There are 2 protein chains.
Amino acid sequence: MSTISTKDKRLKHKEDLRKKILEVAKALFLKHGYDAVSIRKIAEKIAISPTTIYLYYKDKGDVIYALHQEGFKMLSAQFVVLASVEEPFERLKAMGRSYIRFALENPDFYELMFIMRDPINFIDKDCSKEWEEGGQAFESLLNTVEDCKSHGYFSQIDLHHMALYIWSTIHGMCSLKLQGHLDHVVKTNFPEAEKDLTLEGAFDTLVLILKSLK
Amino acid sequence: MSTISTKDKRLKHKEDLRKKILEVAKALFLKHGYDAVSIRKIAEKIAISPTTIYLYYKDKGDVIYALHQEGFKMLSAQFVVLASVEEPFERLKAMGRSYIRFALENPDFYELMFIMRDPINFIDKDCSKEWEEGGQAFESLLNTVEDCKSHGYFSQIDLHHMALYIWSTIHGMCSLKLQGHLDHVVKTNFPEAEKDLTLEGAFDTLVLILKSLK
DNA sequence: CAAATATAATTAACACTGTTAATATTTAAA
DNA sequence: TTTAAATATTAACAGTGTTAATTATATTTG
């Protein structure tokens, strides 16, 4: 009886420490960016030896990948509430705005999820995981585009091509913005009257174009 | 008399070493990727002390930025030859294909130029340089889009918004491809019949949409 | 309960990284 | 030839991820 309870305690402690490591990694990540997530810094903040972390995560890529997953859960949560929007084109617009807001409010997470190569390398290396979270987000987009098609939108373009096209455009805008390229181009190549261009403004151009594809 | 010639020799040697450092950095970069470009590895291959490099480049960011500039010169060179294409929409398509080809053939350079944050940080830090190369490439796009507009294309969309839109879309496609996201999505979310999607195929969707905006 | 065995955590070490200060060497000027 | 300037080097600092060997802590068995 007591053997089981102590065993459970041990297991719980293991789980807790695993969580704690991730929690500290996330805090460092949010406060000081990607570079601050070093095994030694995590260990110091949690008052354990750096090598202990390797008993809970295979390597640094494993820790980073766990954060990567957290990001996808956050984004998915934002998408779920949009399922209530009935009109498909309105839902598509809402998804776009939601995606952009996520990128602007969580630039570090966005970088980890869609720009950095490390986490996707970790997935490819460890083929066991099928990485549902990623596929699920794109599935949401596919469904919405399909609904748009059944309402007369994008009739001359293939469903999967269209979904990929929309994602590419919005991701392109977000990544150019987050890496500072957008601001740079606006500063040096845009006329005075248009220097106040925002990401949302760029998105409006996409909406205008998509609307014309009815 | 001899003083001048030896002075010149010294200057030339300085220039040569500066070039040599960049040359070795580029070779390492192309052969083993970004991570291989370490000050120590460059120095070893060139048989000088690592610290000597700091007499020729301010820091590693400076070396990386020099490579970054080389990349923009390569891309610009590709764009120049396209100026001969008379019909503006044809020229726009050619530019797009050229851009995509550059990304696929020089993925490391593309990453350095449009994905990594380090080089643009270096520019922002050292405000003296106005970074002509970058602005020039976007200027080419602006000119072509303007020509398209005068031929009846994109009439309902602002010139600068349109140019940015096109760049965002193509950059989005390229960066998703290079970071492995595109292949991943195609593998897990595309039907069997469309699993052979290429970057050029995705580009065709953009062309189809742009054509419909006449 | 004590000894043997798993489990967990630690220390020490390796091979790297960018970068700076102090020192030595080479070249040009007085 | 001595002095001054430019150039290059060594040594060192403060980090990084990661592994092997070792110690400490529980758990199970005799």
Side-chain angles (χ1 to χ4, degrees), chain A residues 1-22 24-25 28-29 32-67 116-119 121-122 125-126, chain B residues 1-22 24-25 28-29 32-67 116-119 121-122 125-126:
Chain A
M1 174 197 147
S2 96
T3 58
I4 294 173
S5 96
T6 51
K7 204 177 189 177
D8 286 356
K9 245 186 203 168
R10 278 175 69 79
L11 281 173
K12 194 185 176 304
H13 174 254
K14 277 206 77 169
E15 249 177 62
D16 285 351
L17 192 44
R18 226 189 112 90
K19 268 188 200 167
K20 182 75 185 169
I21 290 167
L22 199 63
V24 170
L28 283 170
F29 177 70
H32 303 106
Y34 179 85
D35 290 342
V37 184
S38 91
I39 298 293
R40 282 179 170 85
K41 277 180 191 163
I42 298 171
E44 193 190 20
K45 218 165 184 83
I46 210 176
I48 57 173
S49 171
T51 52
T52 302
I53 292 174
Y54 287 87
L55 302 172
Y56 294 83
Y57 292 91
K58 177 164 144 279
D59 55 18
K60 193 189 169 179
D62 200 355
V63 179
I64 292 300
Y65 175 71
L67 283 181
M116 289 193 169
R117 197 195 249 109
D118 305 33
N121 276 356
F122 188 81
K125 218 166 55 179
D126 191 26
Chain B
M1 175 199 142
S2 95
T3 58
I4 294 174
S5 96
T6 51
K7 204 175 188 177
D8 285 357
K9 246 186 203 167
R10 278 174 71 80
L11 281 173
K12 192 184 178 303
H13 173 254
K14 275 207 79 168
E15 249 177 61
D16 284 352
L17 191 44
R18 227 188 110 90
K19 268 187 200 167
K20 183 74 185 170
I21 290 168
L22 199 64
V24 170
L28 282 171
F29 177 69
H32 302 106
Y34 180 83
D35 290 341
V37 184
S38 90
I39 298 293
R40 281 179 170 85
K41 277 181 191 162
I42 298 171
E44 193 190 20
K45 217 166 184 82
I46 211 176
I48 58 172
S49 169
T51 52
T52 301
I53 291 174
Y54 286 86
L55 301 173
Y56 294 84
Y57 291 91
K58 176 164 145 280
D59 55 18
K60 193 189 169 179
D62 201 356
V63 179
I64 290 302
Y65 175 72
L67 283 181
M116 289 193 171
R117 198 196 249 108
D118 305 34
N121 276 356
F122 187 81
K125 218 165 56 179
D126 192 25

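In what follows, chains are A, B, ... by sequence order, proteins preceding strands, each numbered from 1. Just so it is clear, the values below take in all heavy atoms, side chains as well, and ignore hydrogens, waters and symmetry mates. Just so it is clear, the model here is predicted, and its values are computed rather than measured.
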Using whole Å, report how far [atom1] of [X] lies from [atom2] of [N].
X	N	atom1	atom2	value
A/Glu44	D/dA14	CD	P	14 Å
B/Asp35	D/dT16	CG	P	17 Å
A/Lys41	D/dA14	NZ	P	14 Å
B/Arg18	D/dT7	CZ	C1'	16 Å
A/Ile21	C/dA8	CD1	P	13 Å
B/Tyr54	D/dT10	OH	P	16 Å
B/Ile42	C/dC16	CD1	P	16 Å
B/Ile48	D/dT7	CD1	C1'	11 Å

Taking only side-chain nitrogens and oxygens of [X], does any of them come within less than 4.0 Å of OP1 or OP2 of [N]?
X	N	result
A/Tyr56	C/dA9	yes
A/Lys14	C/dA8	yes
A/Thr51	C/dT10	no

Count the heavy atoms belonging to other residues, nucleotides or ligands that lie under 6.0 Å from NZ of A/Lys19, then report whether that count exceeds 12. no
At under 4.0 Å between heavy atoms, what does [X] touch on the DNA or RNA strands: base, sugar-phosphate, or nothing?
X	result
B/Val63	nothing
A/Ser38	sugar-phosphate
B/Lys58	nothing

Could you please name the option among [options] that lies closest to any side-chain atom of [X]?
X	options	value
A/Leu55	C/dA9, C/dT20, D/dG17	C/dA9
A/Arg40	C/dT10, C/dT17, C/dA13	C/dA13
A/Ile39	D/dT18, D/dT10, C/dT19	D/dT18
A/Thr52	C/dT10, C/dT19, D/dT18	C/dT10
A/Leu17	C/dA9, D/dA8, C/dT10	C/dA9

For B/Tyr34, does the six-membered ring have the charged nitrogen or CZ of B/Lys60 within the cation-pi criterion, i.e. under 6.0 angstrom from the centroid and within 45° of the normal?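 The answer is yes; both the distance and angle limits are met.
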When you compare the side chain of B/Ile21 with that of B/Thr52, does any pair of heavy atoms fall below 4.5 Å? no
Are B/Asp118 and B/Asn121 close enough that some pair of their side-chain heavy atoms sits under 4.5 Å apart?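 They are not in side-chain contact.
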Keeping B/Tyr57 on the side-chain end and B/Arg18 on the backbone end, is there a donor-acceptor pair under 3.5 Å? yes
